[in-house]
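Quantities reported herein were computed from a predicted structural model and do not represent experimental measurements.
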Amino acid sequence: MTSSPWRVLADGSAGVVLTVAFEARRGDPGFADLASYLTGYRVLEAVPPATTVTEVTEYGSYIEPWLTGALADGSSVVGVLGHCAGAPLAARLATAIRRCGAAEPALVTVDPVLVDSRIAAQEYRRAVDSLAAQLTPEELAGARAVGAGTGPTTTGRALLPVLVALEDAYRTALAAACRTVRVPAAMRQQLADRFSAYLAYLAASSLSADEPQAVAPLGALVLSGTQDAEYPAGLLVGATTFPTDRPRLLADADVAAFILKVLGP
């Protein structure tokens, strides 16, 4: 049975709003929180493909299931929203929908992040540190060393081998941790696959932002006024800032009001 590439966050009749982001970290708001403000709209959240970094060769095939699913939904797409690393993917998705002639959705990107090897190493380190209690000091040091040795900052296609190395290193660390606490094989596989899917998502995001035509505007930009953005300053001209920390933007009522204004009547 094939799972849907979209999950329903809210089911209204005023048009479809597509949202692109990976699962929010525990305690952080996500598009499900924002959806509660988007009264009347059918709000769908993209389900990242269950894949690995080596299977991500270009962003087009990565977003294809989202595009196909959105067009098959049958309702008019009035907006595409992207958060964090999902911002450049949302921009590509909105462009693909327009090119199909299916709709002319508004595009809003919230706290866009340009994924590079530095960002990838940070995410890997966070994942490895979550296993720290189950690893020996030597195992933990070895796993952390992989993330610390990613070399010069790279993006796009040059980032892919870095992500593959991080994916392999995480699976090794996870296997060691699971031996300590006797985690069932199925659960271990689930954890490994989830991190692989996340790295594949980061790979697609970086590819989608790395090609020359990707320097196109990211639509209506929403940024935190209290923390620096993780995107080239030249591409953030005209952004609207809010006095809210970056992790809380999707739960901010003023941000939601701004998005509703962009979506139109």
Item to check | Gln190 atom CD: more than 12 heavy-atom contacts under 6.0 Å | outcome: no

Checklist outcome for this item: Members sharing Leu250's hydrophobic cluster, built from side-chain contacts under 4.5 Å between Ile, Leu, Val, Met, Phe, Trp and Tyr, are Leu9, Val17, Phe31, Leu34, Leu38, Tyr41, Val43, Val78, Leu81, Val108, Val110, Val222, Phe242, Leu249, Val255, Phe258, Ile259, Leu260, Val262, Leu263

Checklist entry - Which pairs, with at least one residue in residues 144-192 and sequence neighbours excluded, count as a ring-ring contact (aromatic ring centres under 6.0 Å, His included)? => result Tyr170-Phe195

Item to check | Partners passing salt bridge (charged side-chain N to carboxylate O under 4.0 Å, His left out) against Arg125 (at least two apart in sequence or in another chain) | outcome: Asp129

Checklist entry - Which heavy atom of Leu218 sits nearest a heavy atom of Pro88, and at what distance? => result CD2-CA, 4.3 Å

Item to check | side chain to side chain contact (heavy atoms under 4.5 Å, CB included) between Glu167 and Leu163, worked out | outcome: CA-CA 6 Å; Glu167 184 177 25; Leu163 293 173; over 6 Å; no

Next on the checklist: Run the side chain to side chain contact (heavy atoms under 4.5 Å, CB included) test on Val20 and Leu93 for me, step by step, so that the C-alpha distance in whole Å, both residues' side-chain angles and the decisive distance to 0.1 Å come before the verdict.
Outcome noted: CA-CA 9 Å; Val20 180; Leu93 179 60; 4.2 Å; yes

Checklist entry - How far does OG1 of Thr109 sit from CG of Leu221, to the nearest 0.5 angstrom? => result 3.5 Å

Checklist entry - Is Arg248 reaching over with its side chain to a backbone N or O of Asp28, donor-acceptor style, under 3.5 angstrom? => result no

Item to check | Pro65: partners by side-chain contact (heavy atoms from CB on, under 4.5 Å), with sequence neighbours left out | outcome: Pro5

Checklist entry - Should Ile97 and Thr95 count as side-chain neighbours, where that means a heavy-atom distance under 4.5 Å? => result no

Next on the checklist: Restricting to non-hydrogen atoms, name the atom on Gly82 and the atom on Ala90 that form the minimum distance, rounded to 0.1 Å.
Outcome noted: CA-CB, 3.5 Å

Item to check | Check: Gly156 main-chain N/O paired with Ser206 side-chain donor or acceptor under 3.5 Å | outcome: yes

Item to check | Residues forming a side-chain contact (heavy atoms from CB on, under 4.5 Å) with Thr136, sequence neighbours excluded | outcome: Glu138, Glu139

Next on the checklist: Please determine whether side chain to side chain contact (heavy atoms under 4.5 Å, CB included) holds for the pair Leu67 and Arg92, giving the CA-CA distance in whole Å, both sets of side-chain angles, and the decisive distance to 0.1 Å.
Outcome noted: CA-CA 10 Å; Leu67 175 62; Arg92 292 295 189 173; over 6 Å; no

Checklist outcome for this item: What one should report as the nearest heavy-atom pair of Ala192 and Leu174 is N-CD2, 3.5 Å

Checklist outcome for this item: Val146 meets the side-chain contact (heavy atoms from CB on, under 4.5 Å) criterion, sequence neighbours left out, with Tyr124, Leu166, Ala169

Checklist entry - Just by modelled atom types, is the Ala85 backbone N or O under 3.5 Å from a matching donor or acceptor in the Ser205 side chain? => result yes

Checklist entry - In Å, rounded to the nearest 0.5 Å, how long is the span from OG1 of Thr240 to CG of Leu223? => result 8.0 Å

Item to check | Taking every non-hydrogen atom, the tightest pair across Trp6 and Trp66 | outcome: NE1-O, 2.9 Å

Checklist entry - Which is it for Ser224 and Thr244 under the side chain to side chain contact (heavy atoms under 4.5 Å, CB included) test, yes or no, and what are the steps along the way? => result CA-CA 6 Å; Ser224 166; Thr244 305; 5.5 Å; no

Item to check | Non-hydrogen atoms of Leu202 and Val115 that approach each other most closely | outcome: O-CG1, 3.8 Å

Next on the checklist: Quick check: do Leu207 and Thr57 have side-chain heavy atoms less than 4.5 Å from each other?
Outcome noted: no

Checklist entry - Just checking, is any N or O donor in the side chain of Asp245 or Thr226 under 3.5 Å from an acceptor N or O on the other one? => result yes

Next on the checklist: Run the side-chain contact (heavy atoms from CB on, under 4.5 Å) test against Thr154 and tell me which residues pass, sequence neighbours left out.
Outcome noted: Ser117, Ala158, Leu159, Val162

Checklist entry - Of all residues at least two apart in sequence or in a different chain, which pass the salt bridge (charged side-chain N to carboxylate O under 4.0 Å, His left out) check with Glu104? => result Arg98

Checklist outcome for this item: Those residues at least two apart in sequence (or on a different chain) that pass side chain to side chain donor-acceptor pair (under 3.5 Å) with Arg188 are none

Checklist outcome for this item: Closest heavy-atom pair, Asp73 versus Arg42, reported as atoms and distance to 0.1 Å, is OD1-NH2, 3.0 Å

Next on the checklist: For residues 190-209, which residue pairs pass the salt bridge (Lys or Arg N to Asp or Glu O under 4.0 Å) check, not counting sequence neighbours?
Outcome noted: Glu23-Arg194, Arg171-Asp193

Checklist entry - Got a donor-acceptor contact below 3.5 angstrom from the Glu58 side chain to the Ser61 backbone? => result yes

Checklist entry - Going by the salt bridge (Lys or Arg N to Asp or Glu O under 4.0 Å) test, which pairs reach into residues 250-261, not counting sequence neighbours? => result none

Without placing hydrogens or testing angles, list every side-chain donor-acceptor pair under 3.5 Å for residues 45-52, not counting sequence neighbours.
residue, atom, partner, partner atom, Å
Glu45, OE1, Arg7, NH1, 3.1
Thr51, OG1, Glu55, OE1, 2.6
Thr52, OG1, Thr54, OG1, 3.2
Thr52, OG1, Glu55, OE1, 3.2

Next on the checklist: Within this structure, what is the CG-OG distance for the pair Leu191 and Ser130, rounded to the nearest 0.5 Å?
Outcome noted: 8.5 Å

Item to check | N/O donor-acceptor pair under 3.5 Å between Thr172 side chain and Asp168 backbone | outcome: yes

Checklist entry - Should Leu71 and Tyr62 be regarded as members of a common hydrophobic cluster, given that ILVMFWY residues are connected when their side-chain heavy atoms come within less than 4.5 Å of each other, either directly or indirectly? => result yes

